[in-house]
**Q** 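This is the structure, below, for whatever I ask next.
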2 protein chains.
Amino acid sequence: MKKKRPKFLLNEAFRKHGDRTFLPHLSVDCVIFGFHEGHLKVLLLKWKDGPWCLPGGFIKHKESIDDAATRILKERTGLDAIFLKQFHAFGDPLREKGKRHQEGWISKRFVTIAYYALVDYSKVFPQPDSFSSECTWCDVHAVPNLIYDHKQIMKVALEALQLSLNDHPVGYNLMPLKFTMPELQRLYETILGQSLDRRNFQKRMLALDILVKLNERKTGGAHKAPFLYRFDKKKYDRAVKRGLGAGF
Amino acid sequence: MKKKRPKFLLNEAFRKHGDRTFLPHLSVDCVIFGFHEGHLKVLLLKWKDGPWCLPGGFIKHKESIDDAATRILKERTGLDAIFLKQFHAFGDPLREKGKRHQEGWISKRFVTIAYYALVDYSKVFPQPDSFSSECTWCDVHAVPNLIYDHKQIMKVALEALQLSLNDHPVGYNLMPLKFTMPELQRLYETILGQSLDRRNFQKRMLALDILVKLNERKTGGAHKAPFLYRFDKKKYDRAVKRGLGAGF
DNA sequence: TTTCATTGTGTATATGGTACACAATAGTAT
DNA sequence: ATACTATTGTGTACCATATACACAATGAAA
């Protein structure tokens with residue numbers, strides 16, 4: 001189950017000579033979004049005896065930055081083939097204010113290329129990396145102080161995600177296979193930070209023609225049992241590609 | 001008028017030891033859009049005895065990437081305080097296929113952070129850099145082969161610009177102070193690559209409430225003299241900030 | 001003076017978004 | 001068992017916006 005990590009990640013040589021493996025001055029950070037019990041979550045790491053931060057890593061000398069992000073995401077979550085989108089590069093020379101004094105390449109200034117990911121919460125088993133003692137989900141609206149500019153990165157990621165709702169359907173990567181309309185609505189509401197009209201939301205989603213209504217209802221709740229839906233993957237993918245075509 | 005460039009840019013030492021000044025493995029490329037005689041243009045450089053490319057440069061050790069982009073833009077166009085937006089980082093390890101064999105830091109792999117800029121064509125006086133023999137405008141739809149992945153970068157820039165039309169007004173940075181409605185429409189049409197209905201376009205633009213209709217007409221054309229408009233800068237800026245609020 | 005391409009303008013229609021109310025139901029409390 | 005309560009399912013009237021479309025006026029050129 002658990003793969004042994006390469007030694008250099010664990011010892012002093014990494015801090016001093018990581019640039020034999022990785023590009024200097026460049027890092028990748030991931031804002032990994034999940035959705036659970038009606039709340040939007042992000043995956044955070046806690047450094048040993050240190051602050052919280054976003055999961056991140058470095059780019060190997062012969063690796064593309066997209067591949068680096070995919071690799072980092074897989075290491076933390078065990079998932080591959082999930083939705084991953086580069087949204088901004090952060091390159092203020094003072095962004096790592098308060099960086100601990102260290103030696104070698106790692107002590108230098110880093111420009112970070114940030115991605116956000118949308119994953120199915122229930123399929124993720126958070127794995128701390130070798131610098132970290134914890135890796136856990138945290139409610140988007142109750143994030144502790146993060147190291148450096150990571151809170152800013154999170155904020156920009158959320159704004160990018162919000163904007164993307166107008167161009168692309170969202171949900172396939174965040175919801176379980178079957179879900180109810182209220183659950184999907186809750187997802188949109190937490191991403192947007194505002195409540196939406198129940199009936200209009202449903203009309204709008206159905207108009208996208210990417211949902212299939214099932215003949216099952218979700219029982220167990222304390223109230224009237226809502227119908228279950230699933231995404232029509234083919235139509236969903238087509239909608240992602242061509243966009244939702246608002247505006248010009 | 002012409003400032004003397006630092007020597008290291010011109011001699012061999014730059015190729016070998018530029019990393020004393022600049023971050024290794026990182027570059028910035030700019031897709032500079034202008035608009036002239038009804039055509040959307042990009043500013044291109046031609047290497048001495050070499051191919052065409054986008055204006056680009058490197059990031060100084062204590063400089064933010066935004067500042068680097070601003071500096072590069074100013075060097076090529078003489079303009080500052082113009083619209084500049086980071087839109088993507090390109091980091092495929094093979095993106096610089098066909099790179100000439102050289103020594104030192106410059107021979108290494110580069111990840112490039114790309115910006116697009118919107119500038120007033122008439123205010124720009126293109127300046128080649130020290131590697132280049134020419135710096136000229138080129139019609140977006142008649143771009144020659146470009147080095148590396150620069151054509152791809154341009155394509156992504158144009159797509160980003162197209163998308164941004166739905167969220168933000170465009171034109172203040174691309175049009176002269178006074179302009180006619182058909183001219184503005186032509187700008188939108190060339191960015192989008194499609195023609196728009198004259199009357200609906202006008203209604204839509206006026207509905208944005210960012211234009212001021214002047215009591216002048218543009219004479220000299222071979223036909224009925226169209227009215228001139230200008231942007232209401234305050235309202236324009238407000239619209240840029242809050243977005244055009246389509247969708248959610 | 002005629003011609004012609006272009007500009008200025010308004011209306012009817014379709015589409016999509018918003019606001020809103022009442023009956024049905026699945027568990028919970030008694 | 002019964003009543004209760006929060007929630008779901010559904011449809012319509014209204015408003016805003018987008019689209020399609022036609023004709024008179026104008027300024028230069030022939």
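Every chain is numbered from 1, with letters handed out A, B, ... down the list of sequences.
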**Q** Just to verify, which of L118(B), L44(B), L54(B) counts as forming a side-chain contact (heavy atoms from CB on, under 4.5 Å) with V31(B)?
**A**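 Only one option passes, and that is L54(B).
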
**Q** Would the number of heavy atoms belonging to other residues, nucleotides or ligands and lying under 6.0 Å from OH of Y236(B) be above 12?
**A**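 Above 12, so yes.
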
**Q** In terms of relative ring orientation, are Y116(B) and F83(B) parallel, tilted or perpendicular, with 30° and 60° separating the classes?
**A**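 Taking F83(B) first and then Y116(B), their aromatic rings sit tilted (interplane angle of 30° to 60°).
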
**Q** Between P182(B) and G220(A), which is nearer to the 5' end of DNA chain C once each is assigned its nearest nucleotide?
**A**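 In this pair, the answer is P182(B).
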
**Q** Is the centre of the F35(B) ring less than 6.0 Å from the centre of the Y121(B) ring?
**A**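 Distance test on ring centres: not under 6.0 Å, no.
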
**Q** I'd like to know if the side chain of K151(A) and the backbone of K155(A) have a donor-acceptor N/O pair within less than 3.5 Å.
**A**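 A pair under 3.5 Å: no.
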
**Q** Return yes if some donor-acceptor pair links the side-chain N/O of Q185(A) with the main-chain N/O of L196(A) below 3.5 Å, else return no.
**A**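 Side chain of Q185(A) to backbone of L196(A): a pair is present.
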
**Q** Using the test side chain to side chain donor-acceptor pair (under 3.5 Å), find all partners of T70(A) that sit at least two apart in sequence or belong to another chain.
**A**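 Not a single residue meets the side chain to side chain donor-acceptor pair (under 3.5 Å) criterion with T70(A).
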
**Q** Quick one, give me the B/S/- string for nucleotides 12-20 of chain D, reading 5' to 3', where B means a protein heavy atom under 4.0 Å from the base and S means that only happens at the primed atoms, P, OP1 or OP2.
**A** B------BB

**Q** Would you kindly give the CZ-to-P distance between R198(A) and dT7(D), to the nearest whole Å?
**A**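 It works out to 10 Å between those atoms.
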
**Q** Of all nucleotides in DNA chain C that come within under 4.0 Å of a heavy atom of chain B, which is furthest toward the 5' end and which toward the 3' end?
**A**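 From 5' to 3', the first and last contacting nucleotides are dA5(C) to dT11(C).
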
**Q** For nucleotides 4-6 of chain D, list the nitrogen or oxygen atoms of the protein found under 3.5 Å from its nitrogen or oxygen atoms, one pair per line.
**A**
residue	atom	partner	partner atom	Å
dA6(D)	N3	H223(A)	ND1	3.2

**Q** Within 45° of the axis and under 6.0 Å from the centre of the six-membered ring of Y115(B), does NZ or CZ of K85(B) qualify?
**A**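 No, cation not above the ring by the 6.0 Å, 45° rule.
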
**Q** Which pairs with one or both residues in residues 186-216 of chain A pass ring-ring contact (aromatic ring centres under 6.0 Å, His included), sequence neighbours excluded?
**A**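 Listed by first then second residue: Y188(A)-F201(A), Y188(A)-F248(B).
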
**Q** I'd like to check the side chain to side chain donor-acceptor pair (under 3.5 Å) partners of R217(B); sequence neighbours left out, ordered by chain and number.
**A**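 Partners of R217(B) by the side chain to side chain donor-acceptor pair (under 3.5 Å) criterion come out as none, since no residue qualifies.
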
**Q** When all nucleic acid strands are considered with a 4.0 Å heavy-atom cut-off, which category describes K218(A): base, sugar-phosphate, or nothing?
**A**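 If one applies the 4.0 Å heavy-atom cut-off, K218(A) turns out to touch nothing in the nucleic acid.
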
